[in-house]
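In what follows, residues are counted from 1 in the order of the sequence shown. Both backbone and side-chain heavy atoms feed into the values below; hydrogens, waters and symmetry mates do not.
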Amino acid sequence: MTSVSESEHDQHSSFIKTPQQLIVVILASFLVPIVGIILLVQLVISKPSADPNALTPESVAARLQPVGRVEVGAPAAAPGARGGEDSVKAVCAACHQAGVAGAPKIGDKTAWAPRLKEGLNGLLATATKGKGAMPPKGGAADLTDTELARAIVFMANQSGGSLKEAPTAAAKKQESPAPKPAAKK
């Protein structure tokens, strides 16, 4: 007979090697389920509650804010108050800066020369009605005739013209004389 050693025969060994490890494993096997049961009972018994500050009108309004907002307000300047340069930058420069669709470039004296012969009234009539690809008033229906005239004067003068600009509303107020006091009888 051959003798077999004990280590060769014991193929199933345990990770618990000492009595202290056995005590820890036994305690953990009782405590873990008990803690789990206590947490489940607390979850079932507890009533859901909200933060008291979450119900204030300010907090509710903040949560109900829309994702976006459209604000319609007054124009940046009162009608008739925009200067020529402002109107050109906002409207005219889109085409006249680069010469899009046959628009005369700002500063191109040869392209503006035949147009300048028409004078301010002729240019204003053409710009008001539109010409070619340019819509009436350059597509800015909110431009007043005075603002349109200022824009034309600005572009024409940048391109070799010498047109006089229509005065702004503020300049008109400054030029107007003070009212005379009523005569006493």
Side-chain angles (χ1 to χ4, degrees), residues 46-185:
S46 68
K47 293 181 182 177
S49 63
D51 179 17
N53 293 329
L55 299 177
T56 62
E58 296 84 20
S59 298
V60 172
R63 286 193 307 273
L64 294 177
Q65 284 292 325
V67 175
R69 177 184 326 208
V70 175
E71 292 185 18
V72 179
R82 291 181 279 194
E85 186 176 0
D86 296 331
S87 298
V88 169
K89 286 180 181 177
V91 180
C92 309
C95 297
H96 286 279
Q97 197 68 41
V100 175
K105 286 184 180 182
I106 298 172
D108 186 354
K109 293 179 182 180
T110 56
W112 278 91
R115 291 168 175 86
L116 290 173
K117 289 178 184 174
E118 297 176 26
L120 179 59
N121 290 336
L123 289 169
L124 184 60
T126 302
T128 302
K129 294 176 188 171
K131 181 176 181 181
M134 182 179 80
K137 294 186 177 185
D142 65 332
L143 278 178
T144 64
D145 288 341
T146 305
E147 290 172 329
L148 187 59
R150 288 184 199 131
I152 292 168
V153 168
F154 179 79
M155 288 190 296
N157 290 346
Q158 294 288 316
S159 306
S162 58
L163 302 176
K164 287 194 171 192
E165 184 172 337
T168 61
K172 283 182 183 178
K173 286 180 184 177
Q174 290 175 356
E175 290 174 6
S176 64
K180 294 179 183 177
K184 293 182 180 179
K185 293 184 183 180

Problem - Side chains of M134 and C95 in contact at under 4.5 Å (non-hydrogen atoms) - result: no
Completion exercise
For P104 and H96, the nearest pair of non-hydrogen atoms, with its separation, is O-ND1, 2.8 Å
Fill in the blank from the handout: Looking only at heavy atoms, the pair that brings A54 and V60 closest together is O-CG2, 3.9 Å
Exercise for the section: Look up atom OG1 in T144 and atom CZ in R150, then write down how far apart they are to the nearest 0.5 Å. Expected result: 6.5 Å
Handout entry: Test item: T128 side-chain N/O and L124 main-chain N/O as donor-acceptor pair under 3.5 Å
Key = yes
